[in-house]
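We name chains A, B, ... by the order of the sequence lines, and we start the count at 1 in each one.
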Amino acid sequence: MIMSARRIFTTTERTIESLGISHDIYSLSILIDCFCRLHLVNFGFSILGKIIKFGLEPNTVTFTTLIKGLCIDGKINGAVDFFNDMVAGGYQPDVHTYNVIVNALCKCGKTNVAIELLKGMVERGCEPDVVTYNAIVDALCKDKLVIEALDLFSQMRNKCISPNVVTYTCLIQGLCNLGKWNQALALLKEMAGQNISPNIITFSILIDNLCKEGLVSKAQEIMKIMIQQGVKPDVVTYNS
DNA sequence: ATAGGGTTAG
């Protein structure tokens, strides 16, 4: 595995060089991304070394790609450390950079740290967007902290960051998990008012939870609405 | 001009 990875690394380099194509920060950042997706983040860091050796300047994209590579490998602490190094080195993280870290923190159960980072980015003048909020709203809902999730939901609206179908779907799921399907249905209505179309996932969550509550006729009602809106039930919907 | 972020369900 290690040998073949190294071979990929060196032959990629030789091939590009033998074609007479010179590297720039774009191609090298793409190369870093490729290695990171192959779980070869260390090779990504060797590319960073090459960038510096070539006298090129790594930028926010280069760093963000490496941070994501560390997250892909579950090295969340390493990712946070490298993020701090980046900031200490005078490089400004942007909303993409923050979203990579926030998402990784949320996915590994460190929702509180993610919320701290959300506060931190605002203080640094980097505005969060719907992606940032969705990650945290989803994590809070999965932690059964729906009140906190709804609080964040109103916070984002105060900032004029429009929630989308994912935001609503996460909240609906969170409410359903606590048996608050009435509130979940209210959110479904609210979506219509906001011109946000529920999708197959939104509908399936509602149908599944209504069935579990023994409200099968209500579930069938939702399924009718779903079909009316042109969303085709799938195997998940029918299983429910 | 060319590169980087999430996406929710049984």
Between dA9(B) (P) and Met223(A) (CE): distance, integer Å: 20 Å

Closest to side chain of Asp33(A), choosing from dA3(B), dG4(B), dG10(B): dG4(B)

N/O (side chain, Asn103(A)) to phosphate O (OP1/OP2, dT7(B)) under 4.0 Å: yes

Sugar-phosphate only, base, or nothing, as touched by Asp208(A) at under 4.0 Å among non-hydrogen atoms: sugar-phosphate

Rounded distance in Å - CD1 (Ile205(A)) to P (dT8(B)): 10 Å

Between P of dG6(B) and OH of Tyr98(A), the distance in whole Å: 17 Å

Touch class at under 4.0 angstrom, heavy-atom based, for Thr202(A) against every strand present: nothing

Side chain of Asn239(A) - closest among dT7(B), dG10(B), dA3(B): dG10(B)

Between dA9(B) (C1') and Asp138(A) (CG): distance, integer Å: 11 Å

Sugar-phosphate, base or nothing in reach of Val102(A), heavy atoms under 4.0 Å: nothing

Sugar-phosphate, base or nothing in reach of Val166(A), heavy atoms under 4.0 Å: base

CD1/Ile52(A): more than 12 non-hydrogen atoms of other groups inside 6.0 Å: yes

Sugar-phosphate, base or nothing in reach of Ser27(A), heavy atoms under 4.0 Å: nothing

Sugar-phosphate, base or nothing in reach of Val235(A), heavy atoms under 4.0 Å: base

Lys142(A) NZ - dT8(B) P separation (whole Å): 7 Å

Nearest-Å distance for atom pair CG/C1', residues Asn164(A) and dG6(B): 9 Å

Distance-only donor-acceptor test (3.5 Å): side chain Asp94(A), base dG4(B): yes

Residue Asn59(A), side-chain atoms from C-beta onward, closest of dG4(B), dA9(B), dA3(B): dA3(B)

Geometric class of the Phe45(A)/Phe82(A) ring pair [parallel <30°, tilted 30-60°, perpendicular >60°]: perpendicular

Exercise: identify the closest heavy-atom pair between Met156(A) and Val130(A): CE-CG2, 3.9 Å

Any Lys212(A) side-chain nitrogen or oxygen under 4.0 Å from OP1 or OP2 of dA9(B): no

Minimum-distance nucleotide to Gln173(A) side chain [options: dG4(B), dA9(B), dT8(B)]: dA9(B)

Nearest listed nucleotide, side chain of Ser204(A), among dT7(B), dA9(B), dG4(B): dA9(B)

Pair Lys110(A)-Ile76(A), side chain to side chain contact (heavy atoms under 4.5 Å, CB included): steps then yes or no: CA-CA 10 Å; Lys110(A) 298 185 174 179; Ile76(A) 183 67; 4.2 Å; yes

His96(A) side-chain proximity, nearest of dG6(B), dG4(B), dA9(B): dG4(B)

From dA9(B), dG4(B), dT2(B), nucleotide with atom closest to Asp24(A) side chain: dT2(B)

Integer-rounded Å distance: dA3(B) P and Leu56(A) CG: 17 Å

Residues Tyr133(A), Phe153(A); criterion ring-ring contact (aromatic ring centres under 6.0 Å, His included); working and verdict: CA-CA 8 Å; Tyr133(A) 278 102; Phe153(A) 180 58; 9.9 Å; no

Base of dG4(B) paired with side chain of Thr64(A) (donor-acceptor, under 3.5 Å): yes

Between dA3(B) (C1') and Arg37(A) (CZ): distance, integer Å: 11 Å

Shortest non-hydrogen contact between Thr60(A) and Pro93(A), atoms and distance: CG2-CA, 4.3 Å

